[in-house]
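All values below come from the heavy atoms of this structure, side chains included, with hydrogens, waters and symmetry mates left out.
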Amino acid sequence: MPVVLGIETSCDETAVAVVNDRACLSNIVASQIELHRQFGGVVPELASRQHLELINAVLDRALAESGLSWAEIDGIAVTVAPGLIGALLVGVTCAKTLALVHGKPLIGIHHLEGHICASFLSKPDLEPPFLCLMVSGGHSSLIVVKDYGDYEIVGKTRDDAAGEAFDKVARLLDLGYPGGPAIDRMARQGNPHAYPLPQGKISDAPFDFSFSGLKTAVLRLTEKLPPPLPIPDIAASFQQTITEALASRSIGCAITNNLNTIVAVGGVAANSELRQKLMTKGEENGISVIFPELKYCTDNGAMIACAGALRLSRGFTSDLTIAARSRLSLEECGLIYRHDYQCAQPPH
Ligand code: KG4
Ligand code: ZN
C-alpha cells in the first residue's frame, strides 16, 4: 500500500497531508479565508503569495505529524489542474523539488479527482461504481464514477456553481464571506417556505443546474420587500430551493444510472439542509448516501494524497516537466499521465 504525501494549493488553502493508501496519517490545512474576507472573495495574486509564505511550514508539520521520514514516503502527489494558475504553480514547484531531491515519483492530480477520493478516506471499503455530487465554490456536477480514474460528467451547472450562488446571495443579504456557512446558520432561524423561488430546471437536461435565475429572484425580492428585510426567511427560502434542486436531481440521476450509492463532496456538502434532504430522499429510494467528514469535504491535502496513492498503485506517474493548468476537464484527467502532456496545447 503506497504512502503518499499530497500537496494542494489550487485556490485559497495551503494544504499538505500524508496518507497510507486510504488511511490519513496527517492533514494540515492553512486557510487563507481571513486574508481574502476583506475583499469578499479570493484575490488570485494574494493567494499565490500566501501559498509561498506558508508552504514550507505546512509541509514540515505534515511530515512531522505523520511520524514518518522521507525514506518511508513512496510518492509525491500534487494538484496540477484546474485552479488559479499562480496558486497551482507554488504547489507544483514544491512537489517537483521534493520529488527530485528525495528521488520519489511525482503524481499530478486533477483537483476534482481529489475531491472524489475524499470519500475513500471516510469510507475505506467504498468501491466504484457510484454517483458523486460535487458541489463547491467552483463546481456543481453530477459525476458517474464508473471505475478508478474513469469518470462521466452527467450533470453540470450552466452558470454559477452552487457555492458561488451561496456566496453571492450571502453578499446580497450582507452576511459576509464565505457565504455558505453564514446562510446555513441564518436559515435555521427562518421559514423555508416564506418565499417561493425558482429552482432553475433545464428542460432538455434534467440533471443540469442553473442558479443565476434563483440568485436574480433573491435580488428582486430584496428590492421589492420593505425594510427591514426578513433576512432569516430569505436565507431559509433560498437554501431550501437550492438544496431541493441539488438533492432531487442527485436522486433522479442515481436512479436513471442504476447506481445505489451517492457520495456528496465539496464545500457545499457541509450544508446541513442538503445533508438532511439527501439522507431522507436516499432512504426513501433505497440509495445509500455518504458524506465524507467535513475536513475532507473542503480543500485539503489528504484527498490529493489519497488520489495519488490510487494512481501510484496502478502505475500512473507524471513527468518532472509537468505543467500546471488553470483549466482541464475531469474527463481529460488521464492526459496528466501522458509524457507529452506538458507540451500539449491547453484545451479551451
Ligand atoms: O470545496 P471548497 O472548500 O472550495 C472550492 O471551491 O474548491 O468550497 C467552498 C464553497 C464556498 O462557496 C462556501 O460558501 C461553500 O463551499 N460552503 C457552504 C457551506 N460551507 C462551505 N455552502 C453551504 N453551506 C455550508 N455549510
Ligand atoms: Zn475544491
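- Rounded to the nearest 0.5 angstrom, Arg325 CZ and Thr79 OG1 are separated by 15.5 Å.
- With contacts defined as side-chain heavy-atom distances shorter than 4.5 Å, the pair Leu274/Val135 qualifies.
- Evaluation of the side-chain hydrogen bond (donor to acceptor under 3.5 Å, both in side chains) rule for Ser31 yields Glu13 as partners, not counting sequence neighbours.
- At a threshold of 4.5 Å between side-chain heavy atoms, the hydrophobic network of Ile, Leu, Val, Met, Phe, Trp and Tyr places Ile255 and Val145 in two separate groups.
- For the pair Leu63 and Ile73, the minimum side-chain heavy-atom distance is below 4.5 Å.
- Around atom CZ of Arg49, no more than 12 heavy atoms belonging to other residues, nucleotides or ligands sit under 6.0 Å away.
- Looking at Glu72 and Val3, their side chains never come closer than 4.5 Å, going by heavy atoms from C-beta outward.
- Note on residues 241-250: pairs passing side chain to side chain donor-acceptor pair (under 3.5 Å), not counting sequence neighbours, are Gln199-Arg249, Thr243-Lys277, Glu244-Lys281.
- Side-chain contact between Thr14 and Ile7 is absent, with no heavy-atom pair separated by less than 4.5 Å.
- Residue pairs that meet the side chain to side chain donor-acceptor pair (under 3.5 Å) test with at least one member in residues 219-236, sequence neighbours left out, are Arg220-Glu223.
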| Would His51 and Ile55 count as a side chain to side chain contact (heavy atoms under 4.5 Å, CB included) if you check the C-alpha gap in whole Å, the side-chain angles of each, and the deciding distance to 0.1 Å? | CA-CA 6 Å; His51 284 310; Ile55 189 83; 5.6 Å; no
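- For the salt bridge (Lys or Arg N to Asp or Glu O under 4.0 Å) condition, the pairs that include at least one residue of residues 288-307, sequence neighbours left out, are Glu293-Lys295.
- Tracing side-chain contacts under 4.5 Å through hydrophobic residues (I, L, V, M, F, W, Y), one reaches Leu68 starting from Leu98; they form part of the same cluster.
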Result block: side-chain N/O donor-acceptor pairs under 3.5 angstrom for residues 257-269, not counting sequence neighbours:
residue: Asn257; atom: ND2; partner: Cys253; partner atom: O; Å: 2.9

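- The side-chain hydrogen bond (donor to acceptor under 3.5 Å, both in side chains) test applied to Ser212 returns Asp159, not counting sequence neighbours.
- Ile290 CD1 to Ser122 OG: the interatomic distance, rounded to the nearest 0.5 Å, is 9.0 Å.
- Shown here are the side-chain hydrogen bond (donor to acceptor under 3.5 Å, both in side chains) partners of Glu331, two or more places apart in sequence or in another chain: there are none.
- With sequence neighbours left out, Tyr195 forms a ring-ring contact (aromatic ring centres under 6.0 Å, His included) with no residue at all.
- Contacts of Phe316 classified as ring-ring contact (aromatic ring centres under 6.0 Å, His included), with partners at least two apart in sequence or in another chain: Tyr337.
- Legend: residues meeting ring-ring contact (aromatic ring centres under 6.0 Å, His included) with His111, ordered by chain and number and at least two apart, are His115.
- Put simply, the side chain of Leu246 reaches to within 4.5 Å of the side chain of Phe211, judged on heavy atoms.
- Every pair passing salt bridge (Lys or Arg N to Asp or Glu O under 4.0 Å) that includes a residue from residues 305-317 is listed here, sequence neighbours excluded: Glu113-Arg311.
- Between the CG atom in Leu172 and the CZ atom in Phe238 there is a gap of 9.5 Å [rounded to 0.5 Å].
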| Test log, rule side-chain hydrogen bond (donor to acceptor under 3.5 Å, both in side chains), inputs Ser237 and Gln240 | CA-CA 5 Å; Ser237 300; Gln240 118 77 23; over 6 Å; no
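- Relative orientation of the Phe120 and Phe130 rings is perpendicular, given thresholds of 30° and 60° on the angle between their planes.
- In this structure, the side chains of Ser203 and Lys201 stay at 4.5 Å or more apart for every pair of heavy atoms.
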| query | What do the steps show when you test Ile234 against Leu225 for side chain to side chain contact (heavy atoms under 4.5 Å, CB included), and what is the final call? | reply | CA-CA 10 Å; Ile234 302 177; Leu225 290 170; 4.0 Å; yes
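- Distance check: Phe291 CZ to Asn271 CG gives 9.0 Å after rounding to the nearest 0.5 Å.
- A donor-acceptor pair is defined here as one N or O able to donate and one able to accept, closer than 3.5 Å; no such pair exists between the side chain of Asp208 and the backbone of Arg158.
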Under 3.5 Å, side-chain donor or acceptor atoms of residues 162-171 against the rest of the protein: list the pairs with distances, not counting sequence neighbours.
residue: Glu164; atom: OE1; partner: Ala161; partner atom: N; Å: 2.9
residue: Glu164; atom: OE2; partner: Lys168; partner atom: NZ; Å: 3.4
residue: Asp167; atom: OD1; partner: Gly179; partner atom: N; Å: 2.8
residue: Lys168; atom: NZ; partner: Asp160; partner atom: OD1; Å: 3.3
residue: Arg171; atom: NH2; partner: Gly40; partner atom: O; Å: 3.1

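- When side chains are defined from C-beta on, Ile336 counts as touching His110, because their heavy atoms get closer than 4.5 Å.
- More than 12 heavy atoms of other residues, nucleotides or ligands sit less than 6.0 Å from atom CZ of Arg37.
- Contact of the Tyr296 side chain with the Cys24 side chain is registered, since non-hydrogen atoms from C-beta on lie closer than 4.5 Å.
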